[in-house]
Amino acid sequence: MEIVSMKKENAMLIRLKGRMDVVTSPAFEQACDKVILGGDKLLVLDLGGLEYISSAGLRSILGVDKKIKAQGGKLALCNLMGMVKEVFHVSGFAEMFPTFDTVEAALGST
Amino acid sequence: MEIVSMKKENAMLIRLKGRMDVVTSPAFEQACDKVILGGDKLLVLDLGGLEYISSAGLRSILGVDKKIKAQGGKLALCNLMGMVKEVFHVSGFAEMFPTFDTVEAALGST
Amino acid sequence: MDPPDEAVPCRLKLPATLESLDPFQDFVRGQIRESRCPQETQFKIQLALEEALVNIAHYAYPPGGAGWIELACRLESGGKRLWVEIRDGGRAFNPFERGKPDMTASLDKRQIGGLGIFLVRQMTEKAEYRRDGDTNVLTLQFGLDAAP
Amino acid sequence: MDPPDEAVPCRLKLPATLESLDPFQDFVRGQIRESRCPQETQFKIQLALEEALVNIAHYAYPPGGAGWIELACRLESGGKRLWVEIRDGGRAFNPFERGKPDMTASLDKRQIGGLGIFLVRQMTEKAEYRRDGDTNVLTLQFGLDAAP
Ligand SMILES: Nc1ncnc2c1ncn2[C@@H]1O[C@H](COP(=O)(O)OP(=O)(O)O)[C@@H](O)[C@H]1O
Ligand SMILES: Nc1ncnc2c1ncn2[C@@H]1O[C@H](COP(=O)(O)OP(=O)(O)O)[C@@H](O)[C@H]1O
């Protein structure tokens, strides 16, 4: 999995690419931990490049959400595609997070 | 396996690279068939880049030798290395062909 | 190459560790290559396999022990269906005896658990468990044409 | 990662075709990766495996049938030795009953044959055959430190 994070005006944006599985999700959690320490109030995950996610990935995202909420921030997801979109829907995770069709919409969601 | 053949003054030189196994040796035989049709009297095989050979590879070389002899030509081998050298020795094939340490020596062997 | 005969499933047996996950996935990927099924279907198969295999690696054997997993698979119905059997020698555990996780619980209250088995069920046409002597046997069936 | 327990060999079962050769070689390559044995030793292991597997693909089963090969392997003696077992369900054939090929025959007279089995013997520390019910079982042992 490729993880690219960048600072936006009022938020951090993290773009994920590739496969988010039991082996790769810990790296995602670490990347998010740094961002959360940075104190940003909105974390946008761009999943447009993600082709695969398993329960380990969902669990990581849930964990990140809890941490960011604990410091008064929030998580927004965008660009869910293909199998990733379906796993979010089937698992009920799609209803637990604000999800958007574009990065711009997600960034504007504060 | 990579097979590169080039015309030398009085001979054809074929350089082999990679693995000569049951799957790749037919391509070697085909390459030699063309050369033999061309009527060259000396065919030099440079095995310096070959890292692996199996009995299928030995059998191919034996077959090429027979064909080239049938039209009055001969085969010379050079640059036997590592595992390839050992397989030639252990199988007795090293004694069945003229083998040389360098391409130049093999080319000068007419 | 002819499709493998339905009577002879291909098999791979490896240690029950997370390091074995990729070789198992590669193995199944190799088996279904010739079926040319949609990539999204392949991802769903990989998801069910990951969930099932990770659970065995995590829970089936006592820690530190030398557990194994054996995966057998074959194409069926002329390449339209994939049959997978996953065996382990760990403690008896029927994953389908548990209830479904509570998908309606609010995010804060929700327990993180049960999701893996739920996804196995969702991604398969059929998923069955049986105990065979000292062995857990999980049988999964996937349609290869379209999404299940 | 700990070396796999000596009691649990890893296994791979595939159709008895030449297409299975590379997956078998990859499988064994993966198993001995952690032993860090010299590349030349690895090539010799690959040679013995190729000869044994190709013979099964070519000769063990009636043409057109759906034969299988199962290869099991494990590191032994703390990673100093590789044990390989190759099984097939083809007709009974003991490769080590035959005499050695005549290595002294002149090139022209020499029969091309018997070389594969001869190389299996040369590349192994130990090579044994037994018939187990309907199955041919070839057991090969390789030293991983240096050339045999
Ligand atoms: N092979 C197994 N052996 C024993 N217990 C298991 C096994 N697989 C799963 N479990 C138990 O079932 C629970 C639910 O598994 P799962 O649905 O994958 O969710 P999770 O792993 O997220 O908890 C696990 O927490 C574990 O307690
Ligand atoms: N698995 C097998 N079943 C039946 N016959 C076999 C088997 N393996 C080898 N043979 C026979 O043994 C002979 C010698 O095999 P080998 O030493 O590999 O040399 P080659 O394949 O070059 O003839 C083969 O030609 C074949 O007749």
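Because the structure is predicted, anything quoted here is derived from the model rather than measured.
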Novice: Please enumerate all residues that pass side chain to side chain donor-acceptor pair (under 3.5 Å) together with D:Gln46, with sequence neighbours excluded.
Specialist: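 Checked D:Gln46 against side chain to side chain donor-acceptor pair (under 3.5 Å); matches are B:Arg19.
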
Novice: Please flag which part of D:Leu47 lies under 4.5 Å from any non-hydrogen atom of chain B: side chain, backbone, both or neither.
Specialist: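 Looking at D:Leu47, backbone and side chain both touch chain B.
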
Novice: Taking all heavy atoms of B:Tyr52 and all of D:Phe43, pick out the closest pair and write down the distance.
Specialist: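 Scanning both residues completely, I find the closest heavy atoms to be CE1-O, 3.4 Å.
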
Novice: Can you say whether B:Ile53 sits under 4.5 Å from chain D via the side chain, the backbone, both, or neither, judging by heavy atoms?
Specialist: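 The answer is the backbone of B:Ile53.
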
Novice: Who passes salt bridge (Lys or Arg N to Asp or Glu O under 4.0 Å) against B:Asp33, sequence neighbours left out?
Specialist: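 Checked B:Asp33 against salt bridge (Lys or Arg N to Asp or Glu O under 4.0 Å); matches are B:Lys67.
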
Novice: Using a heavy-atom distance cut-off of less than 4.5 Å, which residues of residues 25-32 of chain B contact chain D?
Specialist: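 Interface residues of residues 25-32 of chain B: none, nothing closer than 4.5 Å to chain D.
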
Novice: Would you mind checking which part of D:Gln42 comes under 4.5 Å of any heavy atom in chain B, side chain (CB onward), backbone (N, CA, C, O), both or neither?
Specialist: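 Neither part, no heavy atoms under 4.5 Å.
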
Novice: Report the distance from atom CG of D:Asp22 to atom CG of B:Asp21, rounding to the nearest 0.5 Å.
Specialist: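 Answer rounded to 0.5 Å: 7.0 Å.
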
Novice: Write down the atom of B:Gly82, the atom of D:Glu40, and the distance for their closest heavy-atom approach.
Specialist: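 B:Gly82 and D:Glu40 have their closest heavy atoms at C-OE2, 3.6 Å.
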
Novice: What pair of heavy atoms forms the shortest contact from B:Phe93 to D:Leu115, and how long is it?
Specialist: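 Nearest pair, atom of B:Phe93 first, then D:Leu115: CE1-CD2, 3.7 Å.
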
Novice: So, do B:Val90 and D:Phe118 sit near enough that their side-chain heavy atoms are less than 4.5 Å apart?
Specialist: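 In contact.
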
Novice: Return the set of residues passing side-chain contact (heavy atoms from CB on, under 4.5 Å) with D:Asp132 (not counting sequence neighbours), or none when no residue passes.
Specialist: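 Residues passing side-chain contact (heavy atoms from CB on, under 4.5 Å) with D:Asp132: D:Arg87, D:Arg130, D:Val137.
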
Novice: Show the nearest heavy-atom pair for residues B:Ala56 and D:Glu51, with the distance to one decimal.
Specialist: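 It is N-OE2, 4.5 Å.
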
Novice: To the nearest 0.5 Å, what is the distance between CD on D:Gln122 and NE2 on B:His89?
Specialist: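 Here the rounded value is 13.5 Å.
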
